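Heads up, the thing below is written out as structure tokens.
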Amino acid sequence: MPRARAIEQDNATGAVSYWEAADHQSLADRNGVSLADYIHALYGFLRQAKAKNILMIGGGGGTLATMLSRMGVAVTVLDVDPVSFQIARRYFHMPASVECHIADGQAFLKRTARRYDAIVLDAFADEIIPRHFLKGAFFELVKAHLTRNGLFLINIVIKDDSDKAADRIGWRLRETFTGVRLLDSDGWENRNAVIAAGAVAGLAKPTLLM
């Protein structure tokens with residue numbers, strides 16, 4: 001069954017939103033810079049890590065890829081939905097230099113020997129991270145494809161302060177990665193949080209850079 005999609009533009013500001021049914025995929029200004037706080041958190045961590053070669057699993061509107069590419073970072077984006085790439089390039093200014101593959105993240109990593117300075121997981125199906133991305137076998141696969149001081153970042157949606165999903169994922173990650181940290185802000189419902197694993201020792205709370 002085809003997905004219900006909508007692109008909205010604020011005529012006063014030029015801001016663009018991308019929706020799939022009730023799922024808000026992306027929000028950016030007229031230049032393709034994200035207006036979502038968690039995207040800037042991911043961006044800040046990646047810039048701190050000085051990552052130059054990044055793999056992103058999950059495309060959305062491609063705003064993070066666009067922002068990183070403009071800073072000279074080599075970005076590869078994976079998505080099982082080819083339309084997401086068309087939307088990212090047409091409405092969110094994603095550059096042609098961003099390498100795009102129609103592929104599942106786990107399947108892609110199994111068939112490539114490439115290593116990355118950072119891998120970002122920002123993939124959802126019906127507002128839930130697909131189960132195979134949260135298993136130890138996938139985390140081991142990610143670790144095998146990171147460079148020596150590589151960083152693994154996961155965007156997760158937390159329902160409220162009683163939601164322990166991030167804690168469960170964090171403990172599972174500790175079975176594979178020595179360092180695991182969580183960036184969260186209590187008191188908000190249906191909020192985004194970022195889990196970082198790998199070379200996290202030197203990471204500071206990100207500040208707005210763009």
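Remember, predicted model here, so these are calculated numbers, not experimental data.
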I'd like to check [X] versus [Y] (side-chain heavy atoms, cut-off strictly below 4.5 Å). Are they in contact?
X    : Y    : result
R70  : V33  : yes
N53  : V75  : no
H132 : D104 : yes
L121 : L153 : no
V142 : L109 : yes
L182 : V194 : no
S69  : M94  : no
I7   : R90  : no

Inset, instruction - Sequence neighbours left out, what passes side chain to side chain donor-acceptor pair (under 3.5 Å) with D163? Give chain and number order. - result: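 If we apply the side chain to side chain donor-acceptor pair (under 3.5 Å) test to D163, skipping adjacent residues, there are no hits.
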> Quick one: side chain to side chain donor-acceptor pair (under 3.5 Å) partners of N155, sequence neighbours excluded?
Replying inline: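 N155: side chain to side chain donor-acceptor pair (under 3.5 Å) contacts with D122, N192.
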Suppose we screen for side chain to side chain contact (heavy atoms under 4.5 Å, CB included). Which residues come up paired with [X], at least two apart in sequence or across chains?
X    : value
I102 : P82, F85
S162 : D160
R111 : A103, A107, F108
A197 : F152, L173, F177, V180

Problem set entry | CA sep, side-chain torsions, deciding dist, call: M71, Y43, side chain to side chain contact (heavy atoms under 4.5 Å, CB included) | CA-CA 11 Å; M71 298 303 294; Y43 178 86; 3.1 Å; yes
Residues in salt bridge (charged side-chain N to carboxylate O under 4.0 Å, His left out) with R114, at least two apart?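 Expected list: E99.
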If the condition is salt bridge (charged side-chain N to carboxylate O under 4.0 Å, His left out), which residues does R191 pass it with, not counting sequence neighbours?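 Testing R191 for salt bridge (charged side-chain N to carboxylate O under 4.0 Å, His left out), a comparison that skips the adjacent residues, returns D161, D184, D186.
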Linking I/L/V/M/F/W/Y whenever any side-chain heavy atoms sit under 4.5 Å apart, do [X] and [Y] land together?
X    : Y    : value
L55  : V73  : no
I195 : I129 : yes
M56  : I154 : no
L203 : I169 : no
Y116 : F139 : yes

Do H101 and D79 have side-chain N/O donor and acceptor atoms under 3.5 Å apart?
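No, no side-chain donor-acceptor contact under 3.5 Å.
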Under the salt bridge (charged side-chain N to carboxylate O under 4.0 Å, His left out) rule, what pairs show up with a residue in residues 171-181, not counting sequence neighbours?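 Every pair satisfying salt bridge (charged side-chain N to carboxylate O under 4.0 Å, His left out) with a residue in residues 171-181: there are none.
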Scan residues 24-40 for pairs that pass salt bridge (charged side-chain N to carboxylate O under 4.0 Å, His left out), counting only residues two or more places apart or in two chains.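 Of all non-adjacent pairs touching residues 24-40, none passes salt bridge (charged side-chain N to carboxylate O under 4.0 Å, His left out).
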* Verdict with reasoning, L141 to K110, per side chain to side chain contact (heavy atoms under 4.5 Å, CB included) -> CA-CA 7 Å; L141 193 59; K110 283 183 176 179; 3.8 Å; yes
Item to complete: Show the numbers, then the answer: is there a side chain to side chain contact (heavy atoms under 4.5 Å, CB included) between I87 and Q25?
Response: CA-CA 11 Å; I87 289 173; Q25 293 283 333; over 6 Å; no
Review point. Which of these passes side chain to side chain contact (heavy atoms under 4.5 Å, CB included) with F45: L183, V120, V200?
Key: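 With F45 as partner, side chain to side chain contact (heavy atoms under 4.5 Å, CB included) holds for just one option, L183.
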* Verify side chain to side chain contact (heavy atoms under 4.5 Å, CB included) between F124 and I128, making sure each step is shown before the conclusion. => CA-CA 5 Å; F124 292 85; I128 298 173; 5.6 Å; no
Which donor-acceptor pairs under 3.5 Å do the side chains of residues 57-68 make with protein atoms, sequence neighbours left out?
{"from": "T66", "atom 1": "OG1", "to": "G62", "atom 2": "O", "distance (Å)": "3.0"}

Determine yes or no for a side-chain-to-main-chain donor-acceptor pair under 3.5 angstrom, with Q9 supplying the side chain and S17 the backbone.
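Judged by distance alone, no pair lies under 3.5 Å.
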Summary of side-chain hydrogen bond (donor to acceptor under 3.5 Å, both in side chains) pairs that have at least one residue in residues 142-154, sequence neighbours excluded
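The answer is D117-T147.
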